[in-house]
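Note that the structure is a prediction, hence the values are computed from the model and not measured. As a basis for the values below, the full set of heavy atoms in this structure was taken, side chains included, without hydrogen atoms, waters or symmetry mates. Labels below follow one simple rule: chain letters A, B, ... track the order of the sequence lines, proteins then strands, and each chain is numbered from 1.
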There are 2 protein chains.
Amino acid sequence: MGKHNTRLKDIADKLGISIPTVSRALNDKPDIGIETKRKVMELAEEMHYQRNEFAINFKNQQSFIIGVIIPQIVHHFFSNIINGIITEAEKFGYSVMIFQSNESYHSELKGTKTFRKSMIDGLIISLADTTDDYSHLSSLQEHKIPVVLIDKVTDRLEASKIVCNDYQGAYDATSHLIEVGKRRIAHLTGSLTPLTTRERYRGYCDALKNNDLKLDNELIRYCDLVSGEEGYQEMKTLISLSNPPDAIFCATDPTAIGAINAVKDSGLKVPEDIAVIGFSNWSMSSVIDPPLSSVIQPDVEMGEQAVRLIIEEIENIRNDKPVVFKTHVMKTALILRQSTLGKKEGVNV
Amino acid sequence: MGKHNTRLKDIADKLGISIPTVSRALNDKPDIGIETKRKVMELAEEMHYQRNEFAINFKNQQSFIIGVIIPQIVHHFFSNIINGIITEAEKFGYSVMIFQSNESYHSELKGTKTFRKSMIDGLIISLADTTDDYSHLSSLQEHKIPVVLIDKVTDRLEASKIVCNDYQGAYDATSHLIEVGKRRIAHLTGSLTPLTTRERYRGYCDALKNNDLKLDNELIRYCDLVSGEEGYQEMKTLISLSNPPDAIFCATDPTAIGAINAVKDSGLKVPEDIAVIGFSNWSMSSVIDPPLSSVIQPDVEMGEQAVRLIIEEIENIRNDKPVVFKTHVMKTALILRQSTLGKKEGVNV
DNA sequence: GTGAAAGCGCTAACAT
DNA sequence: ATGTTAGCGCTTTCAC
């Protein structure tokens, strides 16, 4: 065995022909003798020829790599998005590179730098909560690397966006609580910086309003939305009110689970005394007691759609076609379980 | 603005100097005039020069990309491994490319092909359950692309490996059930093809043996280990035995949760009637009722360690140093909660 | 139908 | 201290 991988030159030399001829034979180009082609193919096979993609990428200045920056890969929602991204990208011959921001702007910035080094063809990003400056993204765009925002988006960057209808999901969740007879409905929300949280908050408010229930600021609690601990604490506080709620819409499932535990620990029943509904349908939500009603986000589909958009932009840029930014709003759905329905069997609406 | 990104030539031309001089200035090489260097740096900044990494990669035949193939990114265990991999890789200036096998050998094979195209410098892989042939991996090795196996490993490939002590974890879990007074301990296992499952099975058997309890084949049930449904069904079957178990060690947490639900639905109590312990400490396990005791695997650390090994091999190969394969066995730990302890506070042992 | 030459952007070796 | 030359592996002109 030689020291290096087989190159076109090795094949050409052995056959006594020129390198371009070998290249033509191997790449199904016209203007190649049928017999020459056969011989080249045969020898290439025999010598285990493998195209050197470094050379190809260099020549084409193209990597077929899509960079992805998400806050946390271990979150069910994001790992499903990534699942969709990887699966769809592969169909188009693209590979996916992943970077975590851990919700830190600083880290996100570092990710874009790393990716620029890796010469990604495009970036799909879900913004960190702390990100408030978007020049690292517009800079990529200026260098003809398209950016698609997913879920955690911003109005302050012109780019294609994939979001789900957080407003409608929250509206539906709250309306559902009203439909099962609840009237004093609390809301557990988080920092209102991310658009998603704001939209859920807005959906909650509008559902109350349209059902002639008035907003009670006492019933709106803020936390980080991440840990069940906080949901537990805030629910305890709500229960201790002189006029406690009879239901709560939590902006995330983990906090909703914390809330359920708080209700149970207070000797109250879910949903009879206090109904609970979450958001995102985490995998754990169906196995807790009682199973948690939640809002399903089309995570995998969001990832797939993001890939289609980014590849479209990548190819438009390559072909000097105009790029038009699109925003896809994907539908949410309620998944109803016993935390709002009681003993009845859960139903997917 | 010009059509293309700034190249060394653009800077050289503007300054009336040669390309290598610009290169030297920018790369902190010796033999460069202090004044020339200053001018180059300044102009480079001004023209937003960015090294073209395609050219660098081409020249060095190196990508600084580590490929990762795992069965399912959405599994808590694997997404934590990936978390560790990405974090550690970044420290060394490597990026990470991810591919999912979905437990399919065919898909795994495809992944290795895709990765070869992407010119990865090394591969970290957790084998699909169905993988029984390893030529796709040895082929990579022959092409000087090192392979590190993680968690789902095989004896039939010579490579570095990262595993956790599944045997000891299972042994400890079973011993714990014995310590809390249980004597008829069932085991829910899966296909015995993967080494991990076999090791857990072996740990269970040895713990019984060393405590003078005899193995009862009636108490050993097989399922896919993936869904709670199966755990539920198998537990129901066990409960209906004329001599049912008083505890069960499940090889995964989801099935353990299914088992808990089956016990509860049968009007029995966990852990008083039947204690339950799982494996892997899924995020949901702490929030179910009762919280599930489980075996913690050092997932993040496993990922980090895998990166260190692969980079070591990559660099040894580049420097023509001999490569020695290492196997790291990482420690598991018990996390004890109410599903085995009862009302007492959970303790991390 | 095939070969010769050029070039993608950069760096290392060799000259001066 | 700086310039010249060559080359990484491949494809794409352009000749013949």
Inset, instruction - Taking only heavy atoms on the protein side, list every residue of residues 50-67 of chain B lying under 4.0 Å from any atom of DNA chain D, sorted numerically. - result: Phe58(B), Lys59(B)
Legend entry - Test of ring centre spacing under 6.0 Å for Tyr94(A) and Phe64(A): yes
Check whether any side-chain N or O of [X] sits under 4.0 Å from OP1 or OP2 of [N], and answer yes or no.
X	N	value
Thr36(B)	dT2(D)	yes
Thr21(A)	dT2(C)	no
Ser23(B)	dT11(C)	yes
Tyr49(B)	dG9(C)	no

Round to the nearest Å and state the distance from [X] atom [atom1] to [N] atom [atom2].
X	N	atom1	atom2	result
Ile19(A)	dT12(D)	CD1	P	15 Å
Asn5(A)	dC10(D)	CG	C1'	14 Å
Lys9(B)	dT5(D)	NZ	P	15 Å
Leu8(B)	dT2(D)	CG	P	16 Å
Leu26(B)	dA12(C)	CG	C1'	16 Å
Asp31(A)	dG3(C)	CG	P	13 Å
Glu35(B)	dT2(D)	CD	P	10 Å
Met119(A)	dC10(C)	CE	P	9 Å

Inset, instruction - When you get a sec, tell me which of dA4(C), dC10(D), dT11(C) is the closest nucleotide to the side chain of Asn27(B)? - result: dT11(C)
Inset, instruction - Counting heavy atoms from C-beta on, name the nucleotide in dG9(D), dA4(C), dT11(C) closest to the side chain of Arg7(A). - result: dG9(D)
Inset, instruction - Give a yes or no on this: more than 12 heavy atoms of other residues, nucleotides or ligands lie within 6.0 Å of atom CD of Glu45(B). - result: no
Inset, instruction - Nearest 0.5 Å please: distance from the NZ atom of Lys39(B) over to the CD1 atom of Ile34(B). - result: 12.5 Å
Inset, instruction - Would you classify Ile17(A) as touching base, sugar-phosphate or nothing, given that sugar-phosphate means primed atoms plus P, OP1 and OP2, and contacts are heavy atoms under 4.0 Å? - result: sugar-phosphate
Inset, instruction - Determine the contact category for Lys29(B): base if any of its heavy atoms lies under 4.0 Å from a base atom, sugar-phosphate if only primed atoms, P, OP1 or OP2 are that close, otherwise nothing. - result: sugar-phosphate
May I ask you to decide whether [X] forms a salt bridge with [Y], counting only side-chain N to carboxylate O separations under 4.0 Å?
X	Y	answer
Glu312(B)	Arg308(B)	no
Lys152(B)	Glu103(B)	yes
Asp31(B)	Arg24(B)	no
Asp10(B)	Lys14(B)	no

